[in-house]
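One structure is given below, encoded as structure tokens.
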Amino acid sequence: MLTEPLKDMFNKQFFDKFTKDLKLVIKDFNNRKFVSQIMDEKWENMEFKQRCQHITTVLKDFLPADYKSAIAKILELLEQLKDDYDFSKVNDTAFGLSLEYGWILDNFVEQYGVNDYETSVKAIEKITQFTSCEFSVRPFIIKYPEKMMKQMLIWSKHKHWGVRRLSSEGCRPRLPWAMALPNLKKDPAPIIPILENLKNDISRFVRLSAANNLNDIAKDNPKTVINLVKKWQKEFPGKSDNVNWVIKHGCRTLLKQGNAEVMELFGFDAVKNITIKDFKISKAKVKIGEALQFEFKLINKSAKKTKIRLEYGIYYQKANKTLSKKVCRISEKEYDKNSVTNITRKHSFKAVTTRVLHPGLHQVSVIINGKEFEKYNFELVKKIN
């Protein structure tokens, strides 16, 4: 089932709530004028980020012209909302305000605050305790790299989990939808002390960000991540579930790539005693909207139990007729010595917003501890109504 486009989260229900809140701090606020200026003749054709920027631009006209005064109004609004939204119930699994608030307030600082470092940094620290606020720090990292990364390191020890999360999330080298940070892609060294502080954080949400940051780094600097993982494994030899989870989740791309050094770090041996046979695809043509079903026998010829990471690769047809590989996990466990295990799997080809499905040649393969076996062809065809 197709999900609602992200841009449609800025709907009537949101603006009813948002304008009601703005009236708390803006004298003589005209909510009808505000909404009409936002939903102008170009609104329907705007994509998500364009809508964020447009709302922010309109909001600026309703706030004091001076940036410091405008930020003061935003912070006053957050203080007012403490009571209305009962932040006492907020924990480390959710922010008190919706993400729509975060995208707007965050974008306001990003658009208008980069030349006022002190005011903006204080505002970011406050806003991110109410709602996600990781995009606005990135222009500051670019303009004030050393100064801002020192601030991020300080934030990594903040008492509020949202600020600690920001210290990692804001400097992720490959943060989705965000401004690129080419210097940190090239050299992630300034990020490492932050991850050191967060690898065993009490907050699950903070640890998730640290793991995602680690995974981002691995895509450009795999050796940096491998060395860090070796260090952490020596410091926490199986003693911390939190650190072990961050390590594993942070290495997920390297594991999917079958990186031999990483496989060894997680106890996945070479596959000389492991093989497959009797691979079968249920049908050679799969309709869009249906699922590919395949099966095979996994054979462990070893005289001992063997830890196996079992995956499969789907090679999708692209618009340019080339194939693009996606790796999906089946299981990760020990298999008995001298065992034969029947494996059956289904892979859905239902339409989703995150991937365009193109009819034509596709392939499927089995991957064991990073080693890919033979590819098998099948055809994806249009569903006939």
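These values consider heavy atoms only, across backbone and side chains, with no hydrogens, waters or symmetry-generated copies. Quick note: residue numbers are just sequence positions, from 1.
Side-chain contact between Leu310 and Arg329: absent, with no pair of heavy atoms (C-beta onward) separated by less than 4.5 Å. Looking at Asn115 and Lys143, their side chains come closer than 4.5 Å, going by heavy atoms from C-beta outward.
Partners of Lys12 under the salt bridge (charged side-chain N to carboxylate O under 4.0 Å, His left out) rule, at least two apart in sequence or in another chain, are Asp16. Qualifying salt bridge (charged side-chain N to carboxylate O under 4.0 Å, His left out) partners for Glu264, counting only residues two or more places apart in sequence or in other chains: none. With sequence neighbours excluded, no residue forms a salt bridge (charged side-chain N to carboxylate O under 4.0 Å, His left out) with Asp61. For Asn197, the side-chain contact (heavy atoms from CB on, under 4.5 Å) test picks out Leu153, Ser156, Lys157, with sequence neighbours left out. Taking Asn221 as the reference, Pro188, Ile217, Thr224 meet the side-chain contact (heavy atoms from CB on, under 4.5 Å) condition, with sequence neighbours excluded. Among residues two or more places apart in sequence or in another chain, the side-chain contact (heavy atoms from CB on, under 4.5 Å) test is passed with Glu295 by Lys280, Thr344. Not counting sequence neighbours, Asp269 has no partner by the side-chain contact (heavy atoms from CB on, under 4.5 Å) test. With sequence neighbours excluded, the residues forming a salt bridge (charged side-chain N to carboxylate O under 4.0 Å, His left out) with Arg172 are Glu169, Asp216, listed by chain and number.
Atom NZ of Lys231 is surrounded by more than 12 heavy atoms from other residues, nucleotides or ligands within 6.0 Å. Atom NZ of Lys219 sits in a crowded spot, with more than 12 heavy atoms from other residues, nucleotides or ligands closer than 6.0 Å.
Note on Phe29 and Leu24: same hydrophobic cluster, where clusters join Ile, Leu, Val, Met, Phe, Trp and Tyr whose side-chain heavy atoms are under 4.5 Å apart, directly or indirectly. Under the 4.5 Å side-chain heavy-atom criterion for Ile, Leu, Val, Met, Phe, Trp and Tyr, Val381 and Leu292 are members of distinct hydrophobic clusters. Hydrophobic clustering of Ile, Leu, Val, Met, Phe, Trp and Tyr side chains at less than 4.5 Å, counting indirect connections, unites Trp161 with Val243.
One side chain, Asn320 or Thr322, offers a donor N or O that lies under 3.5 Å from an acceptor on the other. Glu134 and Ser132 are linked by a side-chain donor-acceptor pair at a separation below 3.5 angstrom, with hydrogens and angles left out of the test. Remark: the His158 side chain and the Glu125 side chain contain an N/O donor-acceptor pair separated by less than 3.5 Å. Using a 3.5 Å distance cut-off with no hydrogens or angles, the side chains of Asn212 and Arg252 do pair a donor with an acceptor.
Grouping Ile, Leu, Val, Met, Phe, Trp and Tyr residues whose side-chain heavy atoms lie under 4.5 Å apart, directly or via other members, places Ile299 in a hydrophobic cluster with Val340. Chaining together hydrophobic side chains whose heavy atoms lie under 4.5 Å apart places Val327 alongside Ile367.
Panel note: side chain Asn244, backbone Ser240; a donor-acceptor pair is recorded below 3.5 Å.
Residues Ser168 and Leu198 come closest through the heavy atom pair CB-CD1, 3.6 Å.
Taking the ring axis of Phe266 as reference, the NZ or CZ atom of Lys248 stays within 45° of it and closer than 6.0 Å to the ring centre. Stacking of Arg165 on the aromatic ring of Phe205 is recorded, both the 6.0 Å distance cut-off and the 45° axial limit being met.
At a threshold of 4.0 Å, the pair Lys287-Glu379 does not count as salt-bridged, since none of the basic side-chain nitrogens sits closer than that to a carboxylate oxygen. Checked for salt-bridge contact, Glu79 and Lys126 meet the test: a charged N lies under 4.0 Å from a carboxylate O. Under a 4.0 Å N-O distance rule, the pair Asp220/Lys185 does not qualify as a salt bridge. Salt-bridge annotation for Glu44 and Lys7: absent, with no side-chain N of the basic residue lying under 4.0 Å from a carboxylate O of the acidic one.
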(request) For side-chain hydrogen bond (donor to acceptor under 3.5 Å, both in side chains), just list the numbers for Tyr67 and Ser120, CA-CA rounded to whole Å, side-chain angles, deciding distance to a tenth of an Å, and then say yes or no. (result) CA-CA 9 Å; Tyr67 176 71; Ser120 296; 2.8 Å; yes
(request) Before giving the answer on salt bridge (Lys or Arg N to Asp or Glu O under 4.0 Å), spell out for Glu290 and Lys346 the whole-Å C-alpha distance, their side-chain angles and the decisive distance to 0.1 Å. (result) CA-CA 10 Å; Glu290 297 181 344; Lys346 286 185 177 181; over 6 Å; no
(request) Apply the test ring-ring contact (aromatic ring centres under 6.0 Å, His included) to residues Trp103 and Phe48: give CA-CA distance (whole Å), side-chain angles for both, the deciding distance (0.1 Å), then the verdict. (result) CA-CA 10 Å; Trp103 290 323; Phe48 167 69; 4.7 Å; yes
(message) Set out, in order, the CA-CA distance, both residues' side-chain angles and the distance that settles side-chain hydrogen bond (donor to acceptor under 3.5 Å, both in side chains) for Thr119 and Asp116, then state yes or no.
(response) CA-CA 6 Å; Thr119 301; Asp116 189 339; 3.0 Å; yes
(request) Take Lys147 and Glu118 through the test salt bridge (Lys or Arg N to Asp or Glu O under 4.0 Å) and record every step on the way to the result. (result) CA-CA 11 Å; Lys147 191 176 182 180; Glu118 298 298 333; 3.8 Å; yes
(request) Apply side-chain contact (heavy atoms from CB on, under 4.5 Å) to the pair Tyr315 and Val364, showing each step before the final yes or no. (result) CA-CA 6 Å; Tyr315 288 79; Val364 59; over 6 Å; no
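Within the structure, the side-chain hydrogen bond (donor to acceptor under 3.5 Å, both in side chains) test picks out the following pairs touching residues 299-314 (sequence neighbours left out): Asn300-Thr306, Arg309-Glu311, Arg309-Glu332, Tyr312-His347. Within the structure, ring-ring contact (aromatic ring centres under 6.0 Å, His included) pairs that include any residue of residues 207-262 comprise Trp245-His249 (at least two apart or interchain).
Aromatic ring centres of Tyr101 and Phe14 lie closer together than 6.0 Å.
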